[in-house]
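Per chain, numbering begins at 1; letters A, B, ... match sequence-line order. Hydrogens, waters and symmetry mates are skipped; everything else that's a heavy atom, side chains included, is used.
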Number of protein chains: 2
Amino acid sequence: MQHLQPHATTCCKACTDRSMRILCDLSGQARIDFESLGMQMRLPKRSIIFQEDDSCDAATIICEGQVKLSCTSREGKTHILKIALPGDLLGLGAAISGTRFEVTAETIEPAVVKKIRRHELLAFLEKYGQASMLAAKALSEEYKSAFFDARRLALSESTAGRLAGVLLEWGRAAVGCSGADMSFTMALTHEELANLAGTSRETVTRALGKFQRDGLIEIQGSTFRVLSPSGLENLSS
Amino acid sequence: MQHLQPHATTCCKACTDRSMRILCDLSGQARIDFESLGMQMRLPKRSIIFQEDDSCDAATIICEGQVKLSCTSREGKTHILKIALPGDLLGLGAAISGTRFEVTAETIEPAVVKKIRRHELLAFLEKYGQASMLAAKALSEEYKSAFFDARRLALSESTAGRLAGVLLEWGRAAVGCSGADMSFTMALTHEELANLAGTSRETVTRALGKFQRDGLIEIQGSTFRVLSPSGLENLSS
DNA sequence: AGTTTGCAGTGACCACGGTCACACCCCGGT
DNA sequence: ACCGGGGTGTGACCGTGGTCACTGCAAACT
């Protein structure tokens, strides 16, 4: 839960309600209207918000808790794209272009989300031009995150390198929001980390072991701390 | 050049000027205004439209020719995300969110493009709410293409599978626009195909050889034809 | 208590594919 | 005609990392 904010924005710390990151630039009536949209709900761990290939009837904002975005191949192999955090807006692309979801969203801790029905969202965007621009910005963030995902998979030499990249990213995110030390609590199993880094469970175990032995990271229970960012950086190449 | 249209839209064939795919839904004055934007230019093969980490001063529409979108790691390894085709709008995300380009765009054949300065584009989007929505749609396409890229890299068993996925995609694109046979002209070298599929040049050569021997594809000079879509499909898993 | 279930750690094995080393071919230049 | 260079085809080698098969370990249930 204190694992935080990947792409920090200026408003991040200031906003008491983190569900409104996208809104920080909305003004006046638009903001008021937006807040009246949608309905908030509280979800237990492991609940599916939406699924790959479902048709999109609503976008959802994460208010609290982490959400795993993944997709699955016919053979049952699954790939985790990213862990979405409070403030992220899921399914925006599908809602806007009226297509099906490409990914499955599942909570990995108890979470609070706000669902906004597609037609309400569209009507809102229709009404406020500035909001459309913000939506476009949000989409371009979504794009970048997919892009960096692909880039990490494609451009790192070793599998350990990809893992290092993921840890580094999270360490940096932690700095952006909480204390100055790059530590965060890991809500994923080794298996899930493997799916995220495109490798196998065993390799993750071994790599994490090696990272510790090499003094790159420190693990105590489920809290990770990055000791040598530059070391990880080198590996992730 | 007759290699065509990846995500076909209804307007694709009807538009005489393919540079306006994004505009097909624009109406009246907005459309007229848009056409007056930007400036068209003709580029030789191998010219760089923009580069990774350049700050974005303009988005560009491809009117003719294929454009390679790639990114490079510190070690000099390069990954090709996709081959952009006439009708694609490049750098939209960077233009809207005011960030740097994540990729390098380079023509692989003589091309005609239209550059639209960033502030003109923003002013236009500001003025026409509907256009912002279309921009958002275009961005969501961009997102999907990055997503499928990552998905292909992550979820296919073999390297041959990834290559099969790429060929299949292009074969399907060809059907969408030209004749009913899945044939297209390959403008990439094996080396480039390797960078696209995340493998090595030699492996591409061998895989293509095997695909032919297995009757999955047919290669004559630089024209490829997909004979067994289902066969490729199985491999790409 | 005991049992079950899910996650983490570790060794052994071996295949896929990256790398290096060639030979060949086509085309363009001088 | 000669060369040179870029692209392609192919063999041999061997390291990374996926897979399998276990063993611990801790929390959850009965």
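- Rounding to whole angstrom units, CG of residue A:Leu193 and C1' of C:dG6 are separated by 16 Å.
- Atom NE2 of B:His190 and atom C1' of C:dT19 are 18 Å apart (whole Å).
- Ionic pairing of A:Lys114 and A:Glu64 is not present here: no N-O contact between side-chain nitrogen and carboxylate oxygen is shorter than 4.0 angstrom.
- Taking a cutoff of 4.0 Å between a charged side-chain nitrogen and a carboxylate oxygen, A:Glu106 and A:Lys45 do not qualify as a salt bridge.
- Among the nucleotides D:dG18, C:dG17, C:dG18, the one closest to the side chain of B:Thr199 is C:dG18.
- Going from atom CG of B:Asn195 over to atom P of C:dG17 covers 17 Å, rounded to whole Å.
- Using modelled atom types and a 3.5 Å distance limit, the side chains of B:Thr104 and B:Ser70 yield no donor-acceptor pair.
- Annotation: side chain of A:Leu155 is not in contact with side chain of B:Glu75 (no heavy-atom distance under 4.5 Å).
- DNA chain C lies under 4.0 Å from at least one heavy atom of each of the following residues of residues 201-210 of chain A: A:Arg201, A:Glu202, A:Thr205, A:Arg206.
- Between B:Ser47 and B:Thr107, the side chains place a donor N or O and an acceptor N or O closer than 3.5 Å (distance only, hydrogens not considered).
- Between A:Lys82 and A:Glu169, no side-chain nitrogen of the basic residue sits less than 4.0 Å from a carboxylate oxygen of the acidic one, so the salt-bridge criterion is not met.
- Residue pairs meeting the salt bridge (Lys or Arg N to Asp or Glu O under 4.0 Å) criterion with at least one partner in residues 203-216 of chain A, sequence neighbours excluded, are A:Lys210-A:Asp214.
- As a whole-Å value, the separation of A:Met186 CE from C:dA8 P is 10 Å.
- Across the protein-nucleic acid pair, A:Leu188 atom CG and C:dC7 atom P stand 12 Å apart, rounded to whole Å.
- One atom, NZ of A:Lys45, and another, P of C:dG6, lie 13 Å apart when rounded to the nearest Å.
- Here B:Thr189 lies in heavy-atom contact (under 4.0 Å) with sugar-phosphate atoms only.
- A salt bridge links A:Glu233 with B:Arg74: the closest approach of a Lys/Arg side-chain nitrogen to an acidic carboxylate oxygen falls below 4.0 angstrom.
- Ion pair A:Asp54/A:Arg100 not flagged as a salt bridge, since none of the NZ, NE, NH1 or NH2 atoms sits closer than 4.0 Å to an Asp/Glu carboxylate oxygen.
- Rounded to whole Å, atom C1' of C:dA15 lies 14 Å from atom CD of B:Glu157.
- Straight-line distance from the CD atom of A:Gln212 to the P atom of C:dA8: 13 Å, rounded to whole Å.
- Checking the phosphate oxygens (OP1, OP2) of C:dG17, a side-chain nitrogen or oxygen of B:Thr159 falls inside 4.0 Å.
- The residue among B:Arg213 and B:Arg46 whose nearest nucleotide of DNA chain D lies closer to the 5′ end is B:Arg46.
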(request) If a protein heavy atom is under 4.0 Å from the base, mark B; if only from the sugar-phosphate, S; if neither, -; do that for nucleotides 24-29 of chain C going 5' to 3'. (result) ------
